[in-house]
Amino acid sequence: MTTTKPTDWHDAKLDFSKDMSYGDYLGLGQILSAQHPLSPNHNEMLFIIQHQTSELWIKLMLHELHAVRQQMRTGDLPPAFKMLSRVARIMDQLVHAWDVLATMTPPEYTAIRPYLGQSSGFQSYQYRELEFILGNKNATLMQVHLSAPENYAKLDAVLTTPSIYDEAILLMARSGLTIEANRLQQDWTLPMQSNASVQAAWTQVYKAPEQHWALYELAEKLVDLETSFRTWRFRHVTTVERIIGFKTGTGGTAGVSYLRKMLDVVLFPELFALRTEL
Ligand code: HEM
Ligand SMILES: N[C@@H](CC(=O)c1ccccc1NC=O)C(=O)O
């Protein structure tokens with residue numbers, strides 16, 4: 001008769017007919033059956049999983065940033081700092097993810113591209129929400145989402161309310177720093193515009209950090225996040241140029257030249273401009 005020797009996994013639970021398992025908890029049935037390549041090309045699985053994992057990480061960034069915005073409204077900054085650090089590390093992870101996608105060569109992608117139709121990352125509502133909640137508002141781009149009312153409503157709620165950066169400015173005003181009244185009651189759907197009183201207030205913070213420590217720390221967390229985001233944009237455009245050259249985008253933009261313009265976006269303009277004054 002053979003006897004089983006006790007091992008490190010001897011007491012491991014093996015029967016999940018009645019109990020919640022790993023896959024049940026994580027909803028793996030749904031997640032792992034959501035890859036549906038349309039082309040016969042081997043590399044399409046990479047393309048799909050790269051985008052799906054990016055969207056999952058963006059979902060987590062949004063989850064964190066909505067909580068950050070709430071904590072900023074109530075003035076509870078230490079938990080917000082921790083969440084902002086997490087968001088910046090997620091963005092760094094997405095920066096490194098470009099290395100995986102860059103293993104796809106132009107002929108490999110060319111075999112997949114005709115199957116993508118007019119779909120494009122340009123239509124990612126989570127990505128647009130990420131831009132909006134950080135302050136890069138663009139009301140025109142809402143049109144893309146008219147055909148999906150639930151996504152439209154969520155995006156509209158973020159478009160029409162103060163961004164994380166607006167909340168930082170409101171917080172500065174509540175802390176006694178002088179901010180122009182117009183900037184505190186503006187139309188929140190407007191694109192980012194630099195404001196002299198905001199820059200002057202941040203400059204005061206940076207010139208006397210010990211008097212404004214929480215705002216100082218918040219500012220540096222935002223600069224960290226913007227730095228990671230800029231790196232993501234840069235890796236996107238360089239990876240795209242490497243794979244499709246200067247072809248127009250499936251989403252209808254000029255492609256690389258559109259993405260290059262996006263490198264000029266500054267999410268928190270005064271935080272960068274003030275550095276010249278220090
Ligand atoms: C082979 C890989 C990729 C190519 C060739 C590519 C190409 C492009 C192009 C040409 C655009 C401009 C819009 C258009 O006309 O289509 C665009 C936009 C965009 N792509 Fe990609 N992309 C790639 C991978 C990715 C990945 C992995 C993500 C991650 C989620 C992504 C997210 C986006 C987003 C969010 C936009 C909109 C950017 C904005 O409006 O600022 N792309 N992409
Ligand atoms: N805009 C890309 C297509 C593309 O990359 C894409 C298509 C469908 C789903 C996600 C995509 N990724 C990012 O834009 C292109 O022009 O090739």
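Positions are given from 1 along the sequence. Both ligands and their constituent atoms are indexed starting at 1 by order of listing.
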Any heavy atom of Thr250 under 4.0 Å from ligand 2? The part involved is both

Does either side chain, that of Arg69 or that of Thr161, offer a donor lying less than 3.5 Å from an acceptor on the other one? yes

Practice item. Check whether any N or O atom of His51, backbone or side chain, sits under 3.5 Å from an N or O atom of ligand 2, and answer yes or no. Key: yes

Q) Centres of the Trp232 and Tyr127 rings: under 6.0 Å? A) yes

When distances are taken from atom 6 (C) of ligand 2, the protein heavy atom at minimum range is Phe47 CZ, 3.5 Å

Ligand 2 to Arg113, heavy atom cutoff 4.0 Å, flagged ligand atoms 15 (C), 16 (O), 17 (O)

Shell check on atom 21 (Fe) of ligand 1: protein N, O or S atoms less than 2.8 Å away are His236 NE2

Item to complete: Determine whether the side chains of Tyr165 and Glu270 contain a donor N or O and an acceptor N or O closer than 3.5 Å.
Response: yes

Atom 40 (O) of ligand 1: closest protein heavy atom, distance to 0.1 Å, is Tyr258 OH, 2.5 Å

Task: Within 6.0 angstrom of Lys247 NZ, more than 12 heavy atoms from elsewhere - done: yes

| field | Tyr152 and Tyr125 aromatic centres sub-6.0 Å | value | no

Subject >> Plane angle bin for Tyr258 and Phe122 - parallel if under 30°, tilted between 30 and 60°, otherwise perpendicular >> reply: perpendicular

Tell me which donor-acceptor pairs under 3.5 Å the side chains of residues 166-174 have, and how far apart each pair is, sequence neighbours excluded?
residue : atom : partner : partner atom : Å
Asp166  : OD1  : Arg183  : NH1          : 3.2
Asp166  : OD1  : Arg183  : NH2          : 2.9
Asp166  : OD2  : Ser163  : N            : 2.9
Asp166  : OD2  : Ser163  : OG           : 3.2
Glu167  : OE2  : Arg73   : NE           : 3.1
Arg174  : NH2  : Met72   : O            : 3.1
Arg174  : NH2  : Arg73   : O            : 3.4

Numbered in order shown, the ligand 1 atoms found under 4.0 Å of a heavy atom of Phe47 are 1 (C), 2 (C)

For Gly255, the ligand 1 atoms with a heavy-atom partner under 4.0 Å come out as 10 (C)

Item to check | Test: Arg128 cationic atom under 6.0 Å from Phe132 six-membered ring centre, within 45° of axis | outcome: no

May I ask whether Met45 and Leu38 are part of the same hydrophobic cluster, defined by side-chain heavy atoms of I, L, V, M, F, W, Y residues being less than 4.5 angstrom apart, directly or through others?
no

The protein heavy atom nearest to atom 30 (C) of ligand 1 is Ser54 CB, 3.6 Å

Side-chain donor-acceptor pair under 3.5 Å between Tyr216 and Glu220, yes or no?
no

When distances are taken from atom 2 (C) of ligand 1, the protein heavy atom at minimum range is Leu101 CD2, 3.5 Å

Ligand 1 to Met262, heavy atom cutoff 4.0 Å, flagged ligand atoms 41 (O)

Under 3.5 Å, is there a donor-acceptor pair between the Glu129 and His66 side chains?
yes

Under 4.0 Å from one or more heavy atoms of Gly249, ligand 2 contributes atoms 16 (O)

Under 4.0 Å from one or more heavy atoms of Gln50, ligand 1 contributes atoms 27 (C)

| message | With nothing but distance in play, are any N or O atoms of Gly251 less than 3.5 Å from an N or O of ligand 1? | response | yes

Short version for Phe122: what comes under 4.0 Å of ligand 2, heavy atoms counted, is neither

Numbered in order shown, the ligand 2 atoms found under 4.0 Å of a heavy atom of Tyr109 are 2 (C), 3 (C), 4 (C), 5 (O), 15 (C), 17 (O)

Examine Glu55 against ligand 1 and note whether any of their N/O atoms are separated by less than 3.5 Å. no

- Query: Is any side-chain N of the basic residue among Lys207 and Glu277 closer than 4.0 Å to the acidic one's carboxylate O?
  - Reply: no

Do Leu134 and Phe229 touch side chain to side chain, with heavy atoms closer than 4.5 Å? yes

heavy-atom search around atom 26 (C) of ligand 1 in the protein gives His51 NE2, 3.1 Å

Logged contact type for Met104 with ligand 1, heavy-atom cut-off 4.0 Å, is side chain

Note to self: Would Lys13 pass as a cation-pi partner of Phe16, given that its NZ or CZ must be under 6.0 Å from the six-membered ring centre and within 45 degrees of the axis?
What the structure shows: yes

Looking only at protein heavy atoms, what sits closest to atom 14 (O) of ligand 2 is Gly121 N, 2.8 Å

Thr253-ligand 1 polar pair, N/O distance under 3.5 Å: yes

Looking only at side-chain N and O atoms, does Ser39 offer a donor or acceptor that is under 3.5 Å from a partner on Glu44?
yes

Next on the checklist: Can you confirm whether the side chains of Ser21 and Asp24 place a donor and an acceptor under 3.5 Å from each other?
Outcome noted: yes

for atom 38 (C) of ligand 1, nearest protein heavy atom and its distance come out as Tyr127 CE2, 3.9 Å

Heavy-atom proximity to atom 7 (C) of ligand 2 ranks first, among Ser119, Gly251, Ser54, for Ser119

Worksheet item: So is Arg128 close enough to ligand 1, meaning a heavy atom under 4.0 angstrom away?
Response: yes

Stepwise side-chain contact (heavy atoms from CB on, under 4.5 Å) test for Leu77 and Glu217:
CA-CA 9 Å; Leu77 290 184; Glu217 196 169 353; over 6 Å; no

Worksheet item: Has ligand 2 got any nitrogen or oxygen that is less than 3.5 angstrom from a nitrogen or oxygen of Leu116?
Response: no

Discussion item. Quick one, Ile244 with Thr110, criterion side-chain contact (heavy atoms from CB on, under 4.5 Å). Give me CA distance, side-chain angles, the key distance, then yes/no.
Written reply: CA-CA 8 Å; Ile244 66 166; Thr110 304; over 6 Å; no

* Heteroatom distance test (His236, ligand 2): nitrogen or oxygen, under 3.5 angstrom -> no

Without hydrogens or angle criteria, can the side chains of Gln199 and Ser194 be said to hold a donor-acceptor pair below 3.5 Å?
no

Any heavy atom of Glu108 under 4.0 Å from ligand 1? The part involved is neither

